[in-house]
Protein chains: 2
Amino acid sequence: MDQLLANIKIQVNDKIYVKDPETTTLGRKIIKNSLIMMDEIGFDNFTFKKLGELIGSNESSIYRYFENKHKLLVYLSSWYWSWIEYKMVFATANITAPLDQLLKALEIVTEKIEDDQNTPYINEALLNKIIIAEFTKTFLTKEVDEENKEGFFLIYKRVINRMAAMVILIAPAYPYSKSLISSIVEGALHQHFLKDHFKTITDCNEMVSPSDFYKHLIQHLLSPKS
Amino acid sequence: MDQLLANIKIQVNDKIYVKDPETTTLGRKIIKNSLIMMDEIGFDNFTFKKLGELIGSNESSIYRYFENKHKLLVYLSSWYWSWIEYKMVFATANITAPLDQLLKALEIVTEKIEDDQNTPYINEALLNKIIIAEFTKTFLTKEVDEENKEGFFLIYKRVINRMAAMVILIAPAYPYSKSLISSIVEGALHQHFLKDHFKTITDCNEMVSPSDFYKHLIQHLLSPKS
DNA sequence: CTTAAATTGATAGTATTACTATTACATTTG
DNA sequence: CAAATGTAATAGTAATACTATCAATTTAAG
């Protein structure tokens with residue numbers, strides 16, 4: 001799978017960017033270093049001017065790729081979920097038992113990510129940290145509805161619907177498949193945050209991962225006895 | 001309970017404000033109208049200058065109450081969770097069966113809120129909408145750890161721990177009481193958001209509430225059979 | 001009831017942010 | 001080699017996020 005991932009171009013809605021950053025050196029530099037900088041100072045303190053200074057490039061050059069920093073974050077998120085979706089489809093393709101399939105998918109959306117080395121200008125470990133800390137900001141805006149119509153969140157929603165479909169295969173009578181999965185996907189990011197910042201309201205830590213918690217939840221909730 | 005609430009002063013950590021807004025007319029005006037304005041234009045577009053114009057007061061006067069808009073949001077959140085905690089303690093006090101107690105508490109943290117009329121300058125229905133849309137922004141910052149040390153999120157964490165304690169009473173062997181509750185409390189806000197903006201990834205709608213989903217979850221997860 | 005203290009309003013000012021526009025130069029590609 | 005594309009530099013605007021100062025007003029204390 002590592003080899004295959006190297007040959008796949010992650011798809012991102014082209015309305016998100018002004019110019020596709022994957023096509024030029026500067027574009028890739030923007031992506032790579034925006035990850036480093038956002039991780040370091042956070043999205044709120046991040047500006048195109050600072051990024052320009054970091055990469056020895058002009059602020060206005062960055063505006064040629066992204067309208068504003070919000071769109072850049074939407075781009076990074078979209079890339080992330082597209083990459084997750086790819087990993088998920090691939091990892092679950094050969095699994096026949098629906099429950100095992102769901103557990104595998106669950107692992108992929110809830111685990112802590114390591115850099116996968118196949119995308120030279122995207123450090124997935126960093127990106128995962130940024131998603132944990134900043135993803136909700138992409139849609140908690142007054143412009144959500146418009147941006148949703150433009151399809152900015154399509155891949156994210158597709159990932160959730162794929163998993164919800166697996167839930168239905170396992171437990172056709174369970175009435176909350178979508179809410180369960182959207183709750184888990186969002187919740188996993190939240191639990192990662194809690195274990196780093198609000199340790200007193202989570203059971204997750206070095207030994208227990210959000211994956212463990214949610215696997216247990218799924219198994220007890222969807223097992224045939226209940 | 002409505003009567004009693006009228007006589008209780010909701011406690012908010014005094015490090016959050018420069019000057020207690022509950023003590024003056026202008027302070028109460030700031031709170032009341034910041035709710036109206038944030039609901040209308042969202043936290044990101046909200047500024048003290050705009051608020052000043054709305055209440056016919058000067059920007060600099062508002063800075064005498066709150067250092068910045070972030071602190072104001074932290075204040076509103078803190079007030080909200082304090083109010084929720086009060087309602088929860090009160091509503092569960094007479095319930096002896098632990099499961100019923102938890103279900104009642106669950107209802108309080110997950111239900112859509114109506115204005116309770118007892119706090120003249122705080123419209124709880126509006127505040128609830130703002131919490132759904134903006135609460136995560138209070139802690140998804142680079143300053144979380146410092147602010148957490150200052151106790152800005154204490155009440156929120158206490159609400160979660162109260163409920164986690166109920167879970168332990170019901171199912172002493174269940175190993176994820178804190179993660180379950182923190183996941184639910186955050187998740188309920190998220191489900192409310194989804195039903196208004198991303199309808200395709202939730203089962204919640206006019207007929208089915210986030211409370212229904214989570215009550216079902218808790219009952220199936222903590223029932224003695226599993 | 002008067003005086004001091006606290007509160008508010010008005011004005012002004014600074015640094016930073018979030019852009020847009022223009023022009024010139026450099027590089028790649030056909 | 002010419003055209004197209006990409007980049008850098010500069011300048012400029014409007015808004016944001018404050019701080020400082022001072023005068024006017026309100027309130028509270030003796």
Side-chain angles (χ1 to χ4, degrees), chain A residues 14-34 37-38 40-76 121 134 137-138 140-143 146-147, chain B residues 14-34 37-38 40-76 121 134 137-138 140-143 146-147:
Chain A
D14 62 14
K15 281 180 188 157
I16 294 171
Y17 47 74
V18 180
K19 177 181 178 158
D20 189 347
E22 304 211 32
T23 60
T24 69
T25 317
L26 180 62
R28 289 185 291 265
K29 227 167 148 186
I30 289 171
I31 299 303
K32 181 180 178 181
N33 290 282
S34 66
M37 192 164 219
M38 272 191 208
E40 210 179 303
I41 64 175
F43 178 72
D44 297 345
N45 301 314
F46 172 93
T47 70
F48 281 179
K49 194 172 186 186
K50 289 178 191 167
L51 179 63
E53 276 158 26
L54 177 68
I55 65 180
S57 196
N58 203 270
E59 191 189 2
S60 56
S61 303
I62 302 169
Y63 278 105
R64 293 215 186 82
Y65 290 84
F66 295 101
E67 256 181 73
N68 50 48
K69 68 173 180 174
H70 171 252
K71 289 276 178 73
L72 170 55
L73 184 60
V74 173
Y75 177 90
L76 296 175
Y121 60 96
E134 323 286 3
K137 295 175 189 169
T138 62
L140 294 181
T141 69
K142 276 284 159 183
E143 297 80 34
E146 294 156 48
E147 297 191 344
Chain B
D14 62 14
K15 282 179 187 156
I16 294 171
Y17 47 74
V18 179
K19 178 181 178 161
D20 188 349
E22 304 212 30
T23 60
T24 69
T25 316
L26 180 61
R28 290 184 292 266
K29 227 166 149 187
I30 289 170
I31 301 302
K32 182 180 178 181
N33 291 281
S34 64
M37 192 164 221
M38 272 190 208
E40 209 179 306
I41 65 175
F43 179 73
D44 298 344
N45 301 315
F46 172 93
T47 70
F48 281 179
K49 193 171 187 187
K50 289 177 190 167
L51 179 63
E53 277 159 26
L54 177 68
I55 65 181
S57 196
N58 203 270
E59 192 190 1
S60 57
S61 302
I62 302 168
Y63 278 104
R64 293 211 184 85
Y65 288 84
F66 295 100
E67 258 180 71
N68 49 51
K69 69 173 179 173
H70 170 252
K71 287 277 177 73
L72 170 55
L73 183 60
V74 172
Y75 177 90
L76 296 174
Y121 59 97
E134 323 284 3
K137 295 175 189 169
T138 62
L140 293 181
T141 70
K142 276 284 160 182
E143 298 79 35
E146 295 155 48
E147 297 190 346

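Quick note on labels: first sequence line is chain A, next is B, and so on, each numbered from 1.
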Legend entry - N/O donor-acceptor pair under 3.5 Å between B:Lys19 side chain and B:Thr24 backbone: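 Looks like no, no N/O pair under 3.5 Å.
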Inset, instruction - Check for a donor-acceptor pair, side chain of B:Lys137 on one end and backbone N or O of A:Leu140 on the other, with a separation under 3.5 Å. - result: yes
Legend entry - Pair B:Glu134-B:Leu76, side-chain contact (heavy atoms from CB on, under 4.5 Å): steps then yes or no: CA-CA 10 Å; B:Glu134 323 284 3; B:Leu76 296 174; over 6 Å; no
Counting the atoms with a prime plus P, OP1 and OP2 as sugar-phosphate, which does [X] contact under 4.0 Å by heavy atoms, base, sugar-phosphate, or nothing?
X: B:Lys29; answer: nothing
X: B:Ser61; answer: base
X: A:Phe66; answer: nothing
X: A:Lys19; answer: sugar-phosphate

Atom [atom1] of [X] to atom [atom2] of [N]: distance rounded to whole Å?
X: A:Leu51; N: C:dT17; atom1: CG; atom2: C1'; result: 15 Å
X: B:Tyr65; N: D:dT19; atom1: OH; atom2: C1'; result: 18 Å
X: A:Ile55; N: D:dA9; atom1: CD1; atom2: C1'; result: 15 Å
X: B:Leu26; N: C:dA6; atom1: CG; atom2: P; result: 18 Å
X: A:Asp20; N: D:dT5; atom1: CG; atom2: C1'; result: 15 Å
X: A:Lys49; N: C:dT17; atom1: NZ; atom2: P; result: 8 Å
X: B:Ile62; N: D:dT19; atom1: CD1; atom2: C1'; result: 15 Å
X: B:Tyr17; N: C:dT7; atom1: OH; atom2: P; result: 13 Å

Legend entry - A:Thr24 vs D:dG6: side-chain N/O to OP1/OP2 distance below 4.0 Å: no
Inset, instruction - Assign a letter to each nucleotide of nucleotides 23-28 of chain D from its 5' end: B, base within under 4.0 Å of a protein heavy atom; S, sugar-phosphate only; -, no contact. - result: ------
Legend entry - Base versus backbone protein contacts along nucleotides 19-29 of chain C [heavy-atom cut-off under 4.0 Å; B, S, -]: BBB--------
Legend entry - Residue A:Glu143 excluded, over 12 heavy atoms near CD under 6.0 Å: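 Enclosed: over 12 neighbouring heavy atoms sit under 6.0 Å from CD of A:Glu143.
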Legend entry - side-chain contact (heavy atoms from CB on, under 4.5 Å) evaluation trace for B:Ile31 with B:Tyr65: CA-CA 10 Å; B:Ile31 301 302; B:Tyr65 288 84; over 6 Å; no
Legend entry - A:Ile62 side chain near A:Leu26 side chain, heavy-atom distance below 4.5 Å: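 Heavy-atom side-chain distance check fails, nothing below 4.5 Å.
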Inset, instruction - Please step through side-chain contact (heavy atoms from CB on, under 4.5 Å) for the pair A:Asp20 and A:Asp14, ending with a clear verdict. - result: CA-CA 7 Å; A:Asp20 189 347; A:Asp14 62 14; over 6 Å; no
Legend entry - Option among A:Lys29, A:Lys32, A:Glu22 that satisfies the side-chain hydrogen bond (donor to acceptor under 3.5 Å, both in side chains) test with A:Tyr121: A:Glu22
Inset, instruction - Could you note down all residue pairs passing salt bridge (Lys or Arg N to Asp or Glu O under 4.0 Å) where residues 55-72 of chain A supplies at least one of them, sequence neighbours left out? - result: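 For residues 55-72 of chain A: A:Glu67-A:Lys71.
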